[in-house]
There are 2 protein chains.
Amino acid sequence: MPYRAVVSAELAKLFGVLSHPIRIRILEELKKEDLTVGTLKDMLGITHSAVSQQLAVLRSNHLVVEMRQGRNVFYHLRRPELATWIMDGVSFISPDASEVEKMISAIQSAKSAWGDEKKAPPRRKKRGA
Amino acid sequence: MPYRAVVSAELAKLFGVLSHPIRIRILEELKKEDLTVGTLKDMLGITHSAVSQQLAVLRSNHLVVEMRQGRNVFYHLRRPELATWIMDGVSFISPDASEVEKMISAIQSAKSAWGDEKKAPPRRKKRGA
DNA sequence: TGTACATTTATAGATATGCTAAAGTTTGCA
DNA sequence: TGCAAACTTTAGCATATCTATAAATGTACA
């Protein structure tokens with residue numbers, strides 16, 4: 001039984017889902033609180049269609065859950081530890097030498113924004129943020 | 001400055017590199033010891049060309065280092081913690097319902113083979129993914 | 001040298017992914 | 001009912017990735 005092949009394939013699929021900047025940003029933002037498509041669209045500065053399509057990918061891979069609330073659809077991160085684990089991956093990235101300076105400060109900003117911020121128990125939320 | 005975008009993009013790139021079963025298997029095997037293309041080819045059961053192409057991806061992303069030794073080229077995992085971190089991702093995979101049983105045992109086999117081997121005596125396993 | 005061995009690079013067709021724009025759904029409310 | 005808001009889905013196209021095959025490079029050694 002090629003268990004190694006099985007596990008590697010599943011991991012590869014997971015990594016494939018995570019191999020898009022927008023999807024990563026969505027997961028990191030959802031770590032803090034449940035958000036609607038409209039809110040995410042504003043945060044990310046892309047069309048609602050694009051947001052929705054990326055959410056569909058995350059949804060079909062069971063990383064997020066949708067919760068309808070009236071006309072809005074809130075998205076919820078199933079396993080908040082996922083966002084933490086993703087950020088741990090930052091120590092393995094290797095930016096171009098020319099951009100090292102920028103990257104280092106960007107990483108620190110991202111870490112403090114996504115890594116340390118506290119997270120409240122998800123419930124109905126308002127727009128804004 | 002869109003530091004979030006910068007970091008997300010770099011992470012996405014890393015995940016993209018990891019989003020292939022062969023590349024994951026290579027990294028896990030290299031965790032234990034440096035290996036040549038020929039050895040990897042036998043372990044993975046694919047052509048030497050395919051191995052080399054995947055190694056080129058890992059190499060150009062600085063995850064492995066090549067070390068020529070006569071006619072052979074040994075590959076070395078730059079950051080062994082990377083393999084550990086990758087395996088931690090196993091807790092976020094979501095296999096098809098029909099394959100859950102198989103996956104659970106495959107995961108445990110993989111964990112003991114890649115996770116514990118050459119380090120400490122087999123520990124008690126928990127968590128079922 | 002020449003040749004066998006180990007590995008890398010080049011190429012091409014098939015597949016997959018992502019974006020834009022447009023159409024389709026569901027819900028709330030007058 | 002009918003209409004608008006908030007989303008999702010579909011379609012088409014451009015781009016990226018994968019796999020396999022073929023050719024090229026580099027090294028050891030007779």
Side-chain angles (χ1 to χ4, degrees), chain A residues 5 8-27 29-30 33-76 124-129, chain B residues 5 8-27 29-30 33-76:
Chain A
S8 299
E10 290 294 329
L11 278 171
K13 205 170 77 184
L14 172 65
F15 287 125
V17 172
L18 302 178
S19 68
H20 193 293
I22 292 291
R23 294 199 285 266
I24 293 195
R25 291 201 58 189
I26 290 175
L27 293 173
E29 300 298 349
L30 289 182
E33 55 183 334
D34 298 348
L35 296 168
T36 66
V37 176
T39 308
L40 282 166
K41 155 186 145 16
D42 294 337
M43 287 173 141
L44 305 174
I46 59 178
T47 69
H48 60 245
S49 181
V51 174
S52 194
Q53 286 179 48
Q54 303 304 343
L55 283 168
V57 175
L58 297 174
R59 187 161 16 98
S60 73
N61 284 274
H62 313 109
L63 299 186
V64 302
V65 180
E66 75 172 296
M67 304 181 306
R68 181 140 222 151
Q69 213 145 72
R71 279 192 272 210
N72 302 307
V73 178
F74 281 83
Y75 277 88
H76 170 75
R124 33 220 122 284
K125 281 262 108 219
K126 36 122 198 200
R127 290 190 57 120
Chain B
S8 298
E10 289 294 330
L11 278 171
K13 205 169 78 182
L14 172 65
F15 285 124
V17 172
L18 301 178
S19 68
H20 193 293
I22 293 291
R23 293 197 287 265
I24 293 190
R25 292 202 56 191
I26 290 175
L27 293 174
E29 299 298 348
L30 289 182
E33 53 185 333
D34 297 349
L35 296 168
T36 66
V37 175
T39 309
L40 282 166
K41 152 187 149 13
D42 294 337
M43 286 174 141
L44 305 175
I46 59 180
T47 68
H48 56 248
S49 181
V51 173
S52 193
Q53 285 179 47
Q54 302 305 342
L55 282 168
V57 175
L58 297 175
R59 190 162 13 101
S60 73
N61 283 276
H62 313 109
L63 300 186
V64 301
V65 180
E66 76 172 295
M67 303 180 305
R68 182 138 222 153
Q69 207 143 54
R71 280 190 274 206
N72 302 307
V73 176
F74 281 83
Y75 277 87
H76 171 75

task = Output yes when at least one side-chain N/O atom of A/R23 is less than 4.0 Å from OP1 or OP2 of C/dG18, else no.
result = yes

note = Rounded to whole Å, CZ of B/R71 lies from P of D/dA28 at a distance of 8 Å

Min side-chain heavy-atom separation B/K13-B/N61 under 4.5 Å = yes

key: Check: A/L40 and A/L55 side chains under 4.5 Å, non-hydrogen atoms   = yes

task = Give the rounded distance in Å between these two atoms: NZ of A/K13 and P of D/dC18.
result = 17 Å

note = B/L55 CG to C/dT9 C1', in whole Å, measures 14 Å

inquiry  = Judged by each residue's nearest nucleotide on DNA chain C, which is more toward the 5′ side, A/G70 or A/T47?
reply    = A/T47

key: Spacing of B/K41 atom NZ relative to C/dT8 atom C1', expressed in whole Å   = 16 Å

inquiry  = By the 4.0 Å heavy-atom rule, please label B/F74 as base, sugar-phosphate, or nothing.
reply    = nothing

task = Tell me whether the OP1 or OP2 atom of D/dA5 has a side-chain N or O from A/N72 closer than 4.0 Å.
result = no

query = Should B/T36 be listed as having a side-chain N or O under 4.0 Å from OP1 or OP2 of C/dT7?
reply = yes

request  = Give the rounded distance in Å between these two atoms: CG of B/L58 and P of C/dT8.
outcome  = 12 Å

Donor/acceptor link under 3.5 angstrom from B/S49 side chain onto base of C/dT9 = yes

ask   = Is a donor on one side and an acceptor on the other found under 3.5 Å between the side chain of A/R25 and the backbone of A/L44?
value = no

ask   = Does B/S8 use its side chain to pair, donor to acceptor, with the backbone of B/A5 at less than 3.5 Å?
value = no

Residue whose closest nucleotide on DNA chain C lies nearer the 5' end, B/R59 versus A/H20 = B/R59

Sugar-phosphate, base or nothing in reach of A/Q54, heavy atoms under 4.0 Å = sugar-phosphate

inquiry  = How many whole angstroms separate atom CD of A/Q53 from atom P of D/dC13?
reply    = 16 Å

ask   = Does A/Y75 make a side-chain N or O approach to OP1 or OP2 of D/dT8 shorter than 4.0 Å?
value = yes

key: A/S52 side chain to A/S49 side chain, donor-acceptor N/O pair below 3.5 angstrom   = no

query = Rounded to whole angstrom units, what separation is found between the CG atom of A/D34 and the C1' atom of D/dC7?
reply = 17 Å

inquiry  = In whole Å, I'd like the distance from the NE2 atom of B/H48 to the C1' atom of C/dA10.
reply    = 13 Å

ask   = Less than 3.5 Å between a donor and an acceptor, one on the side chain of A/Q69 and one on the base of D/dA6, is that the case here?
value = no

